[in-house]
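Heads up: the structure comes next, in structure tokens.
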Amino acid sequence: MMQKRVLTSVWAIGAVIALASCAIEPGSSASTQPSMAGGGFHTADTAAGNYMAGRFALDAHDLPAAAAFLRAAASEDPDQIEVLQRAHLALAANGQLDEATDIAERLLRFDSDASTAAVLVVEQQAKRGKWPMAEERVQSLPKRGLNMLLIPLVVAWSEMGQGHTDKALAALETLNADGHQTALYEFHAALICDLAGRNPEAERHYRAALAADGGDALRTVEAASAFFRRTGAPDAAKEIVDHFRQDHPDLLLVDFNATARPIDSPRAGLAEAFFALASTLRQTGAEDLALIFLRLTLDLEPHFALAQVMTGDTLHDLGRLNAAIEVYNDIDSKNPAHWVAQLRIAGDYNALDRLDDAIHTLEQASAARPDRPEALITEGDLLRRHERWTDSIAAYDRALAVIGTPRREDWAVLYARGVAESSANQWPRAEADFNQALQLEPDQPDVLNYLGYSWVEKGTNVDQASHMIEKALSKRPTDGFIVDSLGWVYFRTGKYDKAVTQLERAVELAPDDATINSHLGDALAAVGRVDEARFQWNRALVFKPDDQLKAELNKKLHEGFTPPTPIKVDSKDSAAQ
């Protein structure tokens with residue numbers, strides 16, 4: 001069967017994973033549901049009512065509603081610990097840090113170990129330059145869990161805020177005690193030495209950070225390469241960037257030609273620490289808490305572009321698409337991350353059923369960077385998913401014109417255009433694209449399956465098609481769509497018993513696909529199992545078939561079914577024999 005889950009997107013934007021200063025060893029599906037009450041919140045008459053509404057909103061990641069209801073509950077019942085706990089979290093996640101900190105200070109009177117509440121207070125103290133108070137507060141936290149990373153980082157940058165470089169470096173030492181956080185330790189030691197003007201020590205720590213396990217993250221490469229350019233070692237900077245680009249050739253999030261310190265103050269250093277912790281929390285799936293650390297990061301450094309991207313990504317993952325768009329749009333247009341964020345915005349517009357806005361955004365992005373194909377590829381993907389085949393083909397045509405001679409990784413663009421062309425009844429063009437995709441990536445199972453299935457449907461090259469489908473299945477033996485294709489080869493060549501066996505397995509692997517259920521019904525009818533066939537055809541109707549398949553299913557149910565004349569296959573060793 002032609003893969004229905006065909007390439008949701010053929011180009012993956014450089015994702016914000018391992019963007020933080022290092023890859024810290026770690027200790028929901030998006031919803032487009034609108035905000036509760038359309039953003040106009042009518043709080044309840046009682047603290048209990050507001051608390052329950054706030055909990056419900058918080059569980060649904062409706063952050064504005066959760067913040068409004070829980071703030072009201074905390075105002076009405078200021079000594080209820082459970083209310084204070086949820087209220088300060090909701091307000092912080094929604095970016096209302098002043099109000100969140102007020103409630104956090106109240107909570108700390110009852111629970112001095114409330115770590116997130118303490119971090120909110122620490123951030124506000126540091127923001128105001130009250131470094132000794134920030135250090136004292138964080139030192140009082142229990143030394144467990146995430147605090148084992150948080151405490152030394154905050155203490156180190158608090159010491160830097162007081163002008164104590166040696167004490168800052170000493171505070172970091174606990175990160176390196178067991179060797180599990182070497183990259184984190186080395187990177188922040190490098191930043192501290194760099195900020196203090198201790199260039200030989202900074203160079204040693206930067207090199208150690210890059211060499212550590214997980215240390216070659218984007219943020220480390222950005223800071224280290226800037227350091228070497230700034231200190232008269234451009235060849236070393238180029239070597240670092242070139243090595244990074246071997247694994248990330250198309251990453252566009254940062255300017256690798258910069259020379260300025262990315263961390264130019266203790267405040268920026270603390271923001272970097274919060275960003276690293278947010279990255280760790282995202283990697284462990286703690287999106288809600290990660291969002292709070294990202295809010296703290298941006299409160300200290302509002303134009304920290306990578307943190308803005310990660311905040312937008314986190315809001316997207318939590319289903320807050322409009323909020324994500326706002327954050328992406330707030331990125332400085334001169335920053336490379338702004339262009340990447342526009343592609344994310346287009347995806348969110350599409351998820352909000354605002355396709356025209358998505359296409360407009362992508363056209364603007366394409367005009368801003370006519371040398372880059374990604375915006376046009378994304379446009380082609382969105383249009384294809386909306387079955388606007390001709391428009392999709394035109395977008396892919398423009399993208400491939402920018403690409404010029406396709407490279408190996410461009411097989412996906414050719415494949416996606418081929419799918420659109422096939423759907424638009426432009427088979428000669430589609431066939432050429434599929435074949436070119438296979439020249440670039442000969443064993444790609446999606447292309448092998450799609451082209452092979454198409455040939456079988458058209459009754460041409462059936463021998464070659466069956467081999468291609470077998471090859472695809474060897475790469476993905478549990479892919480129900482490819483198993484369906486092999487079963488369909490058997491059916492079209494008159495091997496009905498084999499077809500039933502394969503198609504029953506395909507339905508087990510992909511039980512909710514209308515086409516696969518229809519195919520099994522056809523094979524069952526061909527071997528005389530008519531009642532079972534009718535069951536499968538009726539089942540296929542449940543899974544929202546397209547109009548053409550729906551009409552075919554109804555015709556079979558009302559008029560019966562006669563299998564088509566089997567296709568002849570010459571080769572005796574093909575899958576159909």
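For the single chain, residues carry numbers from 1 onward in sequence order. Keep in mind the model is a prediction, meaning the values are calculated, not measured. Values below: all heavy atoms of this structure, side chains included; hydrogens, waters and symmetry mates excluded.
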Starting at [atom1] of [X], measure out to [atom2] of [Y] and round the result to the nearest 0.5 Å.
X: Asp546; Y: Lys550; atom1: CG; atom2: NZ; value: 10.5 Å
X: Tyr490; Y: Lys498; atom1: OH; atom2: NZ; value: 5.0 Å
X: Ile377; Y: Arg417; atom1: CD1; atom2: CZ; value: 11.5 Å
X: Leu289; Y: Arg282; atom1: CG; atom2: CZ; value: 13.0 Å
X: Gln464; Y: Leu448; atom1: CD; atom2: CG; value: 10.0 Å

Output, in order, the C-alpha distance, side-chain angles, deciding distance and verdict of salt bridge (charged side-chain N to carboxylate O under 4.0 Å, His left out) for Glu552 and Lys555.
CA-CA 5 Å; Glu552 292 172 359; Lys555 184 177 180 180; over 6 Å; no
Residues which pass side chain to side chain contact (heavy atoms under 4.5 Å, CB included) with Val527, listed by chain and number, not counting sequence neighbours:
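Tyr496, Asp497, Val500, Arg529.
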List the residues meeting side chain to side chain contact (heavy atoms under 4.5 Å, CB included) with Asp443, not counting sequence neighbours, and say none if there are none.
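Per chain and number, Asp443 pairs via side chain to side chain contact (heavy atoms under 4.5 Å, CB included) with Lys471, Lys475.
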Donor-acceptor contact below 3.5 Å, side chain Asn435 vs main chain Glu431:
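A pair under 3.5 Å: yes.
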Would you find a donor on one side and an acceptor on the other, under 3.5 Å apart, between the side chain of Gln444 and the backbone of Val447?
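Present.
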Does either side chain, that of [X] or that of [Y], offer a donor lying less than 3.5 Å from an acceptor on the other one?
X: Trp537; Y: Asp522; value: yes
X: Tyr396; Y: Asp381; value: yes
X: Lys556; Y: Ser518; value: yes
X: Asp288; Y: His61; value: yes

Any Lys/Arg nitrogen of [X] or [Y] sitting under 4.0 Å from an Asp/Glu carboxylate oxygen of the other?
X: Glu186; Y: Arg207; value: no
X: Asp484; Y: Arg505; value: no
X: Arg384; Y: Glu421; value: no
X: Asp410; Y: Arg407; value: yes
X: Asp513; Y: Lys544; value: no
X: Arg369; Y: Glu374; value: no

Taking salt bridge (charged side-chain N to carboxylate O under 4.0 Å, His left out) as the test, write out the residues that go with Asp357, two or more places apart.
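Partners of Asp357 under the salt bridge (charged side-chain N to carboxylate O under 4.0 Å, His left out) test: Arg354.
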Would one find more than 12 heavy atoms of other residues, nucleotides or ligands at under 6.0 Å from atom [atom1] of [X]?
X: Phe535; atom1: CZ; value: no
X: Asp547; atom1: CG; value: no
X: His386; atom1: NE2; value: yes

Specify whether Phe434 and Trp427 have parallel, tilted or perpendicular ring planes, treating 30° as the upper limit for parallel and 60° as the lower limit for perpendicular.
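Because their plane-to-plane angle lies in the 30° to 60° range, the rings of Phe434 and Trp427 count as tilted.
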Going by the angle between their ring planes, with limits at 30° and 60°, are His519 and Trp488 parallel, tilted or perpendicular?
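Plane angle under 30°, so parallel.
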Does any non-hydrogen side-chain atom of Val402 lie less than 4.5 Å from one of Leu376?
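When only atoms from C-beta onward are counted, Val402 and Leu376 do touch, with a gap below 4.5 Å.
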Any side-chain heavy atom of Arg320 within less than 4.5 Å of one from Asp62?
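Arg320 vs Asp62: side chains touch.
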Name the one of Asn350, Ile393, Leu362, Ile359 that satisfies side-chain contact (heavy atoms from CB on, under 4.5 Å) with Leu383?
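Only match with Leu383 under side-chain contact (heavy atoms from CB on, under 4.5 Å): Ile359.
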Please name the pair of heavy atoms, one in Ala510 and one in Ile516, separated by the smallest distance, quoted to 0.1 Å.
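Nearest heavy atoms, Ala510 then Ile516: CB-CD1, 3.7 Å.
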